[in-house]
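Right, one structure below, let's go through it.
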Amino acid sequence: MACISHNFGASMKIGRLPVASQRQFPNKFSQLFFQQPRNFRSSKFCDSQYYSRSNRHRIFNSVSSVNGVSEERVSVLVIGGGGREHSLCYALKRSHSCDAVFCAPGNAGISNAGDATCIEDLDIFDSSAVIDFCCKWGVGLVVVGPEAPLVAGLTNDLLKAGIRAFGPSSEAAALEGSKNFMKSICDKYGIPTAKYETFTDPLAAKKYIKEQGAPIVVKADGLAAGKGVIVATTLQEAFEAVDTILVNGSFGKAGSSIIVEEFLEGEEASFFALVDGENALALESAQDHKRVNDGDTGPNTGGMGAYCPAPVLTQELQSQVMSSIILPTVKGMSKEGCKFVGVLYAGLMIEKKSGLPKLIEYNVRFGDPECQVLMVRLESDLAQVLLAACKGELNSVTLEWAPGSAMVVVMASNGYPGSYVKGTKIQNLEEAEVAAPGVKIFHAGTAVDADGNYIATGGRVLGVTAKGKDLEEARDRAYRAVEEIKWEGGFNRTDIGWRALPLKQTSSKW
């Protein structure tokens, strides 16, 4: 089994031992100690015709005792390479039951921070390659971060190989992969959501839009990297959105059909629940900021910042969300023959006219950037929690959270969410992380150039995250760190948390 230092990470090629280098670790150098990988496949331990699933799980994982309580020890592979995956690696590294953390493909920030060993050349859409890696390195749990591998069926293939995977099957992932499927589940099981119609004909869609009036929402049915939702304030904007998706094919297959949905006025919030197929366990509340500019203006993005907890989601509202949205979905999916195991991320609107939550959309994985604020506040052993979900044992889990609040401010490349320039230099990250207590910078789209400098490689690039005794302190610390970062090619919103700050609510442990 690979055993990595939890102070320094590395990048490695498949089949080679990780090697630390001065280029990968600017101003940091440490020796990593590794045992030889165990090639399970060559020993037929990973071949389903020789061993039952339960036997293979015993091979991959070991059992130890802490304070007289037995727990399963495990090496974990995180799939993905963004800010969400960085924060998952960060939390898993702090899990005392986790022997090693790998991340594929990972990124330069994850590696250099020592939060995981990054497997940069592992093709996460090649299930056989992922299974081979798990067998060779004794990985007993795979945590799938992004939605695309889930929809493609990576979890299905891992489970067939007897490897535990946290994330839904491709059938269950249709809750995110098809907005029409999600809406049909809402209709069938009485889950409150916005009124809608589905269209493949642009003329029919425009006729419906004209009847309904503006503002109105137009959505590509499939996965569109967070960019397939257009909130149209005028009929002309709505007609243009229909043409962009259905006529021009801007989102390819994802736009072969569209959802036209009523515009809900109110306050958005994100609600996360871990699901084991039958049971659901609520995480702390969080609130995202989708629009690119201050004041929630401009086009939608993947998320420009978030905070946790979200005061808009009172305890009463959270109970309503669980009883009217989450649990009916879990039970409904079970009845449909595709039990959901993983994270249900409900994008909610707390409707202004009724004060009640309605479901806007489901994501079938941790939100990004909400995951960042959740992971810095989580005090439970994440590896054990996710294993419990995989084994159908969430009803025995209680989560522990650090008191106070957390905030993440996303720094993005100029031009995002449109076209942007790659390769711009980012400096002063180490200084930024010590600019205030409780700061952690999660990398979403970075690489290291030949001179050892961080460069931007994506749209959303950094998640500057901070904890505080309340939201105001968390905000002040996060923005103090942002100010330390020298990056001419980037920008950020300056008002993350503006809706909640007057309430100044803090959270106690659950």
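Please read these numbers as outputs of a predicted model, since none were measured by experiment.
Every residue two or more places apart in sequence or in another chain that forms a side chain to side chain donor-acceptor pair (under 3.5 Å) with Glu171 is listed here: Asn156, Ser169. With sequence neighbours left out, Tyr90 forms a ring-ring contact (aromatic ring centres under 6.0 Å, His included) with Phe442. Annotation: side chain to side chain donor-acceptor pair (under 3.5 Å) contacts of Glu85 (sequence neighbours excluded): none. For Tyr345, the ring-ring contact (aromatic ring centres under 6.0 Å, His included) criterion is met by Phe272, not counting sequence neighbours. Listed by chain and number, the residues in a side chain to side chain donor-acceptor pair (under 3.5 Å) with Ser380 amount to none (sequence neighbours excluded). Remark: Glu473 pairs with Lys469, Asp470, Arg477 by the side-chain contact (heavy atoms from CB on, under 4.5 Å) rule, at least two apart or across chains. Ala435 pairs by the side-chain contact (heavy atoms from CB on, under 4.5 Å) definition with Glu484, not counting sequence neighbours. Residues forming a side-chain contact (heavy atoms from CB on, under 4.5 Å) with Asn300 (at least two apart in sequence, or on another chain): Val229, Val231, Lys290, Arg291. Thr424 is linked by a side chain to side chain donor-acceptor pair (under 3.5 Å) to Trp487, counting only residues two or more places apart in sequence or in another chain. Residues satisfying the side-chain contact (heavy atoms from CB on, under 4.5 Å) criterion with Asp495, sequence neighbours excluded, are Asp294, Arg493, Trp498.
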Glu361 vs Lys179, salt bridge (Lys or Arg N to Asp or Glu O under 4.0 Å): CA-CA, chis, key distance, verdict: CA-CA 7 Å; Glu361 64 178 2; Lys179 295 177 182 65; 5.5 Å; no

Pair Val142-Cys134, side chain to side chain contact (heavy atoms under 4.5 Å, CB included): steps then yes or no: CA-CA 8 Å; Val142 178; Cys134 292; 3.6 Å; yes

Pair Ser413-Val461, side chain to side chain contact (heavy atoms under 4.5 Å, CB included): steps then yes or no: CA-CA 7 Å; Ser413 296; Val461 176; 3.5 Å; yes

From CA spacing to verdict: side chain to side chain donor-acceptor pair (under 3.5 Å), Asn107, His86: CA-CA 8 Å; Asn107 65 47; His86 190 174; 4.9 Å; no

Residues Tyr307, Ser405; criterion side chain to side chain donor-acceptor pair (under 3.5 Å); working and verdict: CA-CA 7 Å; Tyr307 54 88; Ser405 298; over 6 Å; no

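Partner of Ile441 under the side-chain contact (heavy atoms from CB on, under 4.5 Å) criterion, out of Thr465, Val482, Leu462: Leu462 alone.
Annotation: salt bridge (charged side-chain N to carboxylate O under 4.0 Å, His left out) contacts involving residues 413-425, sequence neighbours excluded, are absent. Counting only residues at least two apart or on different chains, the side chain to side chain donor-acceptor pair (under 3.5 Å) pairs with a member in residues 144-154 are Glu147-Arg365.
Taken to the nearest 0.5 Å, the CG atom of Leu281 stands 4.5 Å off from the CG atom of Leu399.
In the model, Ser270 has no side-chain atom that pairs as donor or acceptor with a side-chain atom of Asp288 under 3.5 Å. The closest side-chain donor-acceptor pair between Gln384 and Ser95, if any, does not fall under 3.5 angstrom.
Put simply, the side chain of Glu379 never gets that close to the backbone of Glu400: no donor and acceptor are under 3.5 Å apart. Looking only at distances, a side-chain donor or acceptor of Gln318 sits under 3.5 Å from a matching main-chain atom of Leu313. Put simply, the side chain of Asn414 never gets that close to the backbone of Tyr420: no donor and acceptor are under 3.5 Å apart.
The closest side-chain heavy-atom distance from Val78 to Phe102 is not below 4.5 Å. Within the 4.5 Å cutoff, the side chain of Leu274 has heavy atoms near those of the Phe366 side chain. Leu387 places a side-chain heavy atom less than 4.5 Å from the side chain of Val74. In this structure, Pro168 and Val341 have side chains that are not in contact, with every pair of non-hydrogen atoms separated by 4.5 Å or more. When side chains are defined from C-beta on, Tyr479 counts as touching Ile496, because their heavy atoms get closer than 4.5 Å. Contact check for Leu158 versus Val130: side-chain heavy atoms found under the 4.5 Å cut-off.
Electrostatic pairing of Glu284 and Arg377 counts as a salt bridge here, judged by a charged N lying under 4.0 Å from a carboxylate O. For the pair Asp115 and Lys93, the salt-bridge criterion is met [side-chain N within less than 4.0 Å of a carboxylate O].
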